[in-house]
Amino acid sequence: MDLELQPIVCGLFLFMYLVTVLGNLLIILAVCSDSHLHTPMYFFLSILSLADICFVSTTIPKMILNILTHSRLISYVGCLTQIAFIVLFGGMDDMLLTVMAYDRFVAICHPLHYQGIMNPSLCGILVLMSFLLSLLESQLHNFIILQVTCFKDVQISNFFCDPSQLLSLACSDTFINNIIMYFFGAIFGFLPLSGILFSYYKIVSSILRVPSFGGKYKAFSTCGSHLSVICLFYGTALGVYLSSAVSPSLRKDAVATVMYTVVTPMLNPFIYSLRNRDIKSALLRLHR
């Protein structure tokens, strides 16, 4: 990177990091402080915001350090640790978006039973299961990598350590390990997406049966923010994998990675605050 661009890039990353952390902290603070937001949907949103803060804290500070020191070296243990946290909090985002889709499904398709179904115990269990499944995925990734790799230091080719990058450095054949890793990645990615698609299939079917246009709009408007975040999350995640698989390019990989690891968590609080009247009201009351 040119020395002239270094301060600009560092300043940009730092600005985006601070905006992401402050934006998500405001969402958490608004949900905790406003009794009107003590509902399952906003409880899940606050956990999603916490996961986003942890996710960007795993990646952006290291990005800034790499740029400032002109070094992309990271210890092998540090690389494995970073991979574990990236997969953990990225998986948490994925699982929580699925849980939030289920919450919207119950609210729209079974409104009379919503309070009984989405009780505090079930909400706590859903968040705990999201965490445990994400933790399992992260440990499976590291277990597969540990079977064939062992280095002192690792050269980061992108902005953060990538499981496939470590496997490509191994001396032995890693074809089977790659297949297993992508198989588990497909399972942990496909199942949440299937849950989201099924929930919205049921939601759309239920909304289409509403006779009035106003009723349809009111029902679907509660899903607008969630759908926007889903499109952003899966769109950027798909971009990262397609850019590296179809036409490998450091520049394209870097752009896709920044979109996935920096821009998406930064935009989430804006999407929810700008499109959600309850959040905007809570933030205004918080400001007063």
Please lay out, stage by stage, how M92 and L50 fare under the test side chain to side chain contact (heavy atoms under 4.5 Å, CB included).
-> CA-CA 10 Å; M92 278 287 290; L50 180 61; over 6 Å; no
Verdict with supporting geometry, V56 and F89, side chain to side chain contact (heavy atoms under 4.5 Å, CB included) = CA-CA 9 Å; V56 295; F89 295 119; over 6 Å; no
Kindly indicate, with the supporting measurements, whether the criterion side chain to side chain contact (heavy atoms under 4.5 Å, CB included) is fulfilled by D94 and F188.
-> CA-CA 9 Å; D94 200 5; F188 282 103; over 6 Å; no
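Taking the side-chain hydrogen bond (donor to acceptor under 3.5 Å, both in side chains) definition, one finds that T81 meets it with nothing, sequence neighbours left out. Not a single side-chain hydrogen bond (donor to acceptor under 3.5 Å, both in side chains) links N142 to another residue, sequence neighbours left out. S121 is linked by a side chain to side chain contact (heavy atoms under 4.5 Å, CB included) to N119, counting only residues two or more places apart in sequence or in another chain. Considering only residues two or more places apart in sequence or on other chains, L132 meets the side chain to side chain contact (heavy atoms under 4.5 Å, CB included) condition with L128. Here D93 pairs with nothing under the salt bridge (Lys or Arg N to Asp or Glu O under 4.0 Å) rule; sequence neighbours left out. Every side chain to side chain contact (heavy atoms under 4.5 Å, CB included) that L29 has, sequence neighbours left out, goes to L286. For L68, the side chain to side chain contact (heavy atoms under 4.5 Å, CB included) partners are Q6, C10, I64, not counting sequence neighbours.
With values rounded to the nearest 0.5 angstrom, Q139 atom CD is found 9.5 Å from L146 atom CG. Distance check: F131 CZ to L136 CG gives 11.5 Å after rounding to the nearest 0.5 Å.
Applying the side-chain hydrogen bond (donor to acceptor under 3.5 Å, both in side chains) test to every pair with at least one member in residues 123-135, sequence neighbours left out, gives no pairs at all. Contacts classified as side-chain hydrogen bond (donor to acceptor under 3.5 Å, both in side chains) and involving residues 7-26 (residues at least two apart or in different chains) are given here: Y17-S57, N24-S49. Applying the salt bridge (charged side-chain N to carboxylate O under 4.0 Å, His left out) test to every pair with at least one member in residues 23-52, sequence neighbours left out, gives these pairs: D34-R285.
Put simply, the side chain of S46 never gets that close to the backbone of I28: no donor and acceptor are under 3.5 Å apart.
When the shell of 6.0 Å around NE2 of H36 is examined, it contains 12 or fewer heavy atoms from other residues, nucleotides or ligands.
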Give every donor-acceptor pair under 3.5 Å between a side-chain atom in residues 100-110 and any protein atom, sequence neighbours left out.
{"unit_1": "D103", "atom_1": "OD1", "unit_2": "Y114", "atom_2": "OH", "d": "2.6"}

Sequence neighbours left out, cut at 3.5 Å: what donor-acceptor pairs do the side chains of residues 197-210 make with other protein atoms?
{"unit_1": "S199", "atom_1": "OG", "unit_2": "G195", "atom_2": "O", "d": "2.9"}
{"unit_1": "Y200", "atom_1": "OH", "unit_2": "H226", "atom_2": "ND1", "d": "2.7"}
{"unit_1": "S205", "atom_1": "OG", "unit_2": "Y201", "atom_2": "O", "d": "2.8"}

